[in-house]
Amino acid sequence: MKTTTFLAAAMLSAMTAGATGLPVYLDETRPMEERVEDALSRMTLKEKVAMCHAEGKFASPGVARLGIPDLWMSDGPHGVRAEINWNDWGYSGRTNDSITAFPALTALAATWNPTLSEAYGNALAEEALYREKDVMLGPGVNIYRTPLNGRNFEYMGEDPYLAGELVVPYIQGMQKNGVAACVKHYALNNQEQWRGHINVELSDRALNEIYLPAFKRAVEDGKSWSIMGAYNQVRGQHACHNELLLNKILKDDWGFDGVVITDWGGAHDTKEAALYGLDLEMGSYTNGLTSESAFTTDDYYLANPYLRMLESGEVPMSTVDDKVRRLLRLNFRTAMNRNKPFGSVATPEHYAVCEAIGDEAIVLLKNAPATPKGQPLLPIDPAKYSKILVVGENATRNLMAGGGSSELKPKDIVSPLDGLKALYGDKVEYTRGYTSGRPMYGHADVIPASVEDSLRAEAVKMAREAGLVIFVGGLNKNHFQDCEGGDRLEYALPFGQPRLIEELRAANPNIVAVILSGNAVEMPWAKDIPAILQAWYLGSMAGKSIANVISGNVNPSGKLPFSFPVRLEDNAAHHFGTISYPGDSIKQEYLEDILVGYRWHDTKKIPALYPFGHGLSYTTFEYGKPTLSAKTLSPEGTLTVSIPVRNTGMRQGKETVQLYVGDEKASVVRPLKELKHFSKIDLAPGAEQTVTFTVTPDDLKFYDPTTASWVAEPGKFKLYIGSSSTDIRATAPFTLQ
Ligand code: BGC
């Protein structure tokens, strides 16, 4: 659309031409930096400043005179959002913007499968191209610190290595299509409460060991073309113009050559924005979700106020040139890239990607017999039951509605009820069991107790008469659930679900609980329920994957990307009281330091209900004896560890073999062990495969704040190889020289 018209304008204005007859900046055969310098040299100061801020909700200007098109952006991580009005948050009501809803990023993380992450990025980029978007606002890699964070569902879990391994192929799969990823929210936006201003204080170790590594991988290995600053403050300065995070770490240390984009409304000061690393200001004077103001984009911090500061010499011209170089690079890589493929939307191929991710994301948390002498309840044998009762609002609810900026308008949705009916037909009955009201921002519907009681009574009555009960509940995208702009208010399941589950169980012991959420939930009822599946938000094909796993057509292989604590107080961030979470409204201190998630549970010996890395299968895997290539590792050397894994059950299945490393004695606090490698393998019944990992001294290091460098202390270390962070099947000691 845009490029052709603009090209004509550019040809007219061309002053110098290269071998192709095109001006240098338009000549894609010329090196990128030559093109950038050429375009920059043709621009007026006003044109440069115009590029640095929005012109509409999701667009920023190019230079029409030079044939440089505008940049078009869209949320978000899980699909291309429906079109928003030019300058308010209303949906523009188009009929051609329905898309594929891909699984939420927590689900992607639960696959532990980088190949699927690449497929996700690629399919999403194809949809972005169809919708003519240049920049997709995602993926998010903020670390899962507390189960109350309303936006955890958009992120990749509690472990920086896992998130890093998955974010890189997502970006590569996307950007090979000429669509930029915008990795967010950099950094430390780990809660929604007071997200616009809360000042995060944390140690250099926590910053470097836990909260930055996934962003670093996204930049250094994924080569992300853009990154989004966070709303919160970090060490007293807003993250969107932050000298430490943006200038020092991102641009100097990591060599980022792309564009720093604000979160919508994340800029607060012209001089800071000019000097401290921000390149493109979006959404100012809104709260990022709903509220508007009368300000025009000319009033943005990086608009007229910036122009005045540049003209008066208060900030140097080099600041705007640096920003514009980055914006030109982004434009050449995306909007002006003439080699981009055509896009496609809601295709069978994209649905297949959704389903494949869903199939591998679902985590079998528990699978016990319903009666003392029986078989594990799952996979279900439909011949045994004449009536299968599905209970729960999430079996039919559109879980892509609500949630904030990741909200989607899917073309097709297969709900869990649809999926189960497709397999079991008329055997399936449905009742709602509980209700939660509409998805709204800023407030939630209050459900009268009488409604709750009557829905529950009806479900319990039907459960008594059914052969099997499949409860499909969890959270949803309402405010105070898995939703942007607010955190959860309780760790328990909402809307009366705990009581409903207990009463259903009392009425019928053949009960499976399927929890759809992007967060851990309290499960005091878990001991009484024979089979539990964690099935996330799986997007358009959710019901297919859920039915695949319940029926055994697919053997589950998902593993938890974060711990499920027994009680909220067992989570590290909550252990230290309100100054740690949510803070005192002005600031918060990450007092658990580096002991986030399983690092805390392990080191402090506080068992989680379901630990990081946990996930069962319908088959069994036996791990053999590990073999180490040597007993010592030299500071420049490597060490390999090999372990045979055999499928000892009756079904084909996938297993994620996890390698953790522990420092036996250190001069600083270290977690008992940390994930350093993993490998997902696929084994036929009876088959065996040897998995080999290469360990390097980098796997043993901690961040030393006194020297600002990574250090491995000589001495004893231990490798832990397991099926989860607590189901360790083998250990092997070695010494670092
Ligand atoms: C969110 C971002 C999103 C942006 C644009 C903000 O409220 O925090 O993640 O990309 O809005 O919708």
Side-chain angles (χ1 to χ4, degrees), residues 53-60 71-92 97 104-106 124 128 131 133-142 149-156 167 174 179-198 215 218 224-233 238-240 259-268 278 280-293 297 300 400 402-409 439 441-442 477 479 482-487 518:
H53 60 270
E55 57 178 351
K57 265 285 169 273
F58 285 93
S60 69
L71 282 174
W72 284 83
M73 299 162 222
S74 175
D75 288 304
H78 309 145
V80 191
R81 192 179 184 183
E83 291 300 326
I84 306 271
N85 291 335
W86 178 249
N87 208 15
D88 69 59
W89 285 108
Y91 283 110
S92 60
D97 57 358
L105 292 189
T106 34
L124 179 50
R131 293 273 307 279
K133 304 301 178 196
D134 305 307
V135 181
M136 285 299 293
L137 304 173
V141 286
N142 293 87
N149 178 13
R151 273 189 108 170
N152 278 335
F153 70 102
E154 290 186 59
Y155 304 137
M156 298 202 198
V167 76
M174 174 169 280
V179 176
C182 181
V183 180
K184 61 196 194 183
H185 306 90
Y186 182 73
L188 300 158
N189 181 186
N190 301 311
Q191 68 189 47
E192 289 297 285
Q193 171 99 354
W194 301 315
R195 69 173 177 174
H197 65 269
I198 192 82
F215 286 105
S224 187
W225 292 333
S226 65
I227 198 164
M228 185 187 290
Y231 278 130
N232 47 282
Q233 300 186 56
H238 272 281
C240 284
V259 172
V260 174
I261 304 177
T262 54
D263 201 337
W264 268 231
H268 298 273
L278 178 65
L280 175 57
E281 177 188 4
M282 301 296 296
S284 289
Y285 311 109
T286 77
N287 72 355
L289 272 181
T290 43
S291 78
E292 299 305 326
S293 76
T297 51
Y300 276 30
M400 277 67 78
S405 57
S406 64
E407 176 169 65
L408 293 172
K409 180 176 158 189
Y441 301 122
K477 303 289 183 66
H479 190 55
D482 283 323
C483 182
E484 186 177 337
D487 283 349

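In listed order, ligands and their atoms are each counted from 1. None of these values were measured; they are calculated from a predicted model.
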- Query: Name the residues in contact with ligand 1, where contact means a heavy atom under 4.0 Å away: which are they?
  - Reply: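 Shell around ligand 1 (4.0 Å, heavy atoms): F58, D75, R81, W89, L137, R151, K184, H185, R195, M228, Y231, D263, W264, G288, S405, E484.
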
- Query: Side chains of Y91 and E407: donor-acceptor distance under 3.5 Å anywhere?
  - Reply: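 Y91 vs E407: donor-acceptor pair found between side chains.
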
- Message: Please determine whether a side-chain nitrogen of the Lys or Arg among D97 and K409 lies less than 4.0 Å from a carboxylate oxygen of the Asp or Glu.
- Response: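 So D97 pairs with K409 through a salt bridge.
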
- Salt-bridge test for K133 and D75: reply yes if a basic N is under 4.0 Å from a carboxylate O, no otherwise.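 D75 and K133: not salt-bridged.
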
- Task: Could you tell me how the ring of H238 sits relative to the ring of H268: parallel (under 30°), tilted (30 to 60°) or perpendicular (over 60°)?
- Result: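 Answer is parallel, since the angle falls under 30°.
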
- Ring-face cation contact, W89 with K57, 6.0 Å cut, 45° max: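 Verdict for W89: a cation-pi partner in K57.
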
- Query: Between F58 and W264, is the gap from one ring center to the other below 6.0 Å?
  - Reply: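 Centroid distance F58-W264: below 6.0 Å, so yes.
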
